[in-house]
Amino acid sequence: MKCLLVEDDQALARELSQALRDGDWLVEHAATGQDADFLVRTEAYDTLILDVGLPDGDGTRWLSAWREDGIDLPVLILTARERWADKAAGFTAGADDYVTKPFESAEVLFRLRALVRRSHGHAHPVLKVGELSLDTHTQHVSLAGRPVGLTAQETRLLGYLMHAAPRVVSRTELSEHVYDRDHEPDSNVIDVQVSRLRRKLGSWRIATLRGQGYRLLAEEPASE
């Protein structure tokens, strides 16, 4: 999953970015609302962390503009303001959740995972597609109750397919959400990693729809 962190405090941004990467997130950072505005309009993200106190305007003002323009990705607000009126302003602007500074990085990770799950229609922290399970907190994958050893990149790829299931996911969408913007793969790299997942999980579980992309299946298709 890919997160845009909008925070002008460089020390806090570094600390939180590292915590996110340690939690297997892809992270991009913007220090101003203007930089964030450019990125959310040109790049694809699964969620956004937004500091309220930005140097070029209140974060809620930027958020309100994004919502008015139909940018609907989940947003977690960071604020040092403890008054309910300030928090209410964030929700009114379109925030999905908030964390008050100072905070534990672990809390941010838990809240982000919940936001992304809910945005895909999942309430439980363990995603299940047939006999395949992914614990979104620990990133542990199991098949029919048995652990499956995956690389970090394979886990990110599978996690995105599980969040999206049963929807078809294009190669472009996978490239935008599962890979770092500075190291976006060509379609052959994605095909190779999908092939590795098939070997570990069963070849039928990830179906290829020619010209469309991939779909994660809960049941093996009936033989014709």
Side-chain angles (χ1 to χ4, degrees), residues 1-21 23-81 86-101 103 105 107-122 136 156-157 159-160 163-164 167 169-185 213:
M1 294 293 174
K2 185 178 290 187
C3 175
L4 175 61
L5 171 61
V6 188
E7 171 59 66
D8 65 313
D9 184 323
Q10 294 297 321
L12 178 58
R14 285 193 297 271
E15 178 184 344
L16 193 49
S17 293
Q18 189 58 55
L20 288 163
R21 293 188 181 99
D24 209 25
W25 285 79
L26 299 177
V27 186
E28 294 185 0
H29 173 238
T32 66
Q34 186 173 6
D35 288 346
D37 186 63
F38 174 77
L39 289 172
V40 298
R41 296 179 188 279
T42 58
E43 301 294 332
Y45 300 98
D46 296 288
T47 188
L48 185 151
I49 301 174
L50 177 63
D51 181 29
V52 171
L54 296 175
D56 55 348
D58 194 293
T60 58
R61 179 175 66 83
W62 291 101
L63 176 56
S64 181
W66 297 332
R67 293 306 195 216
E68 288 178 4
D69 291 342
I71 298 172
D72 60 356
L73 77 167
V75 173
L76 174 68
I77 278 185
L78 304 180
T79 177
R81 306 168 187 173
D86 294 320
K87 296 172 183 177
F91 284 121
T92 300
D96 299 281
D97 200 357
Y98 71 88
V99 173
T100 303
K101 299 177 181 179
F103 53 79
S105 296
E107 179 183 1
V108 174
L109 289 171
F110 276 112
R111 290 180 181 273
L112 281 184
R113 292 179 186 125
L115 287 180
V116 171
R117 287 198 314 271
R118 290 168 186 156
S119 71
H120 287 274
H122 304 289
T136 58
R156 279 195 290 269
L157 180 57
Y160 195 84
H163 275 92
R167 181 172 61 84
V169 181
S170 69
R171 286 181 174 85
T172 299
E173 184 176 348
L174 285 174
S175 177
E176 291 175 338
H177 289 266
V178 179
Y179 298 89
D180 189 280
R181 181 158 54 101
D182 295 329
H183 301 89
E184 290 182 354

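All values reported here derive from a predicted model rather than from experimental measurement.
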Nearest atoms (heavy-atom pairs only) where Leu157 meets Leu174:
CD1-CD2, 3.5 Å
Contacts of type side chain to side chain donor-acceptor pair (under 3.5 Å), residue Gln34, not counting sequence neighbours:
none
Check Val27 against Arg21 and note the closest heavy-atom contact, atom names and distance.
O-NH2, 3.7 Å
Can you measure from CH2 (Trp62) to CG (Asp56) and round to the nearest 0.5 angstrom?
5.0 Å
Evaluate whether atom CZ of Phe38 has more than 12 neighbouring non-hydrogen atoms of other residues, nucleotides or ligands under 6.0 angstrom away.
no
Distance-minimising heavy-atom pair for Ala30 and Ala36:
CB-N, 3.7 Å
Measuring from His177:NE2 to Arg156:CZ, what's the distance to the nearest 0.5 Å?
14.5 Å
Pick from Leu112, Leu73, Leu63: which one makes a side-chain contact (heavy atoms from CB on, under 4.5 Å) with Leu48?
Leu73
Decide yes or no for Tyr98 and Asp86: does some side-chain heavy atom of the first lie under 4.5 Å from some side-chain heavy atom of the second?
no
Gap separating the OG1 atom of Thr100 from the CD atom of Glu107, nearest 0.5 angstrom:
8.0 Å
What distance separates Leu12 CG from Glu7 CD, expressed to the nearest 0.5 Å?
4.5 Å
Asp69 CG to Ser64 OG distance, which is reported to the nearest 0.5 Å
9.5 Å
Evaluate Phe103 against Leu16 for side-chain contact (heavy atoms from CB on, under 4.5 Å), listing each step before the verdict.
CA-CA 10 Å; Phe103 53 79; Leu16 193 49; 4.3 Å; yes
Please step through salt bridge (Lys or Arg N to Asp or Glu O under 4.0 Å) for the pair Arg118 and Asp96, ending with a clear verdict.
CA-CA 10 Å; Arg118 290 168 186 156; Asp96 299 281; over 6 Å; no
Nearest heavy atoms of Asp46 and Val116, plus distance in Å
O-CG2, 4.0 Å
Is any side-chain heavy atom of Arg117 less than 4.5 Å from a side-chain heavy atom of His163?
yes
Where Tyr160 and Val169 come nearest, the two heavy atoms and their spacing
CE2-CG1, 3.8 Å
Leu109 side chain near Leu20 side chain, heavy-atom distance below 4.5 Å
yes
Which residue, Leu5, Asp8, Asp58, Val6, forms the side-chain contact (heavy atoms from CB on, under 4.5 Å) with Asp51?
Asp8
On a heavy-atom basis, the closest approach of His29 and Ala13 is NE2-CB, 3.5 Å
One should read off an interatomic distance between Leu50 CG and Trp66 CH2, to the nearest 0.5 angstrom, of 5.5 Å
Please check if the number of heavy atoms outside Arg67 that lie under 6.0 Å from its CZ is greater than 12.
yes
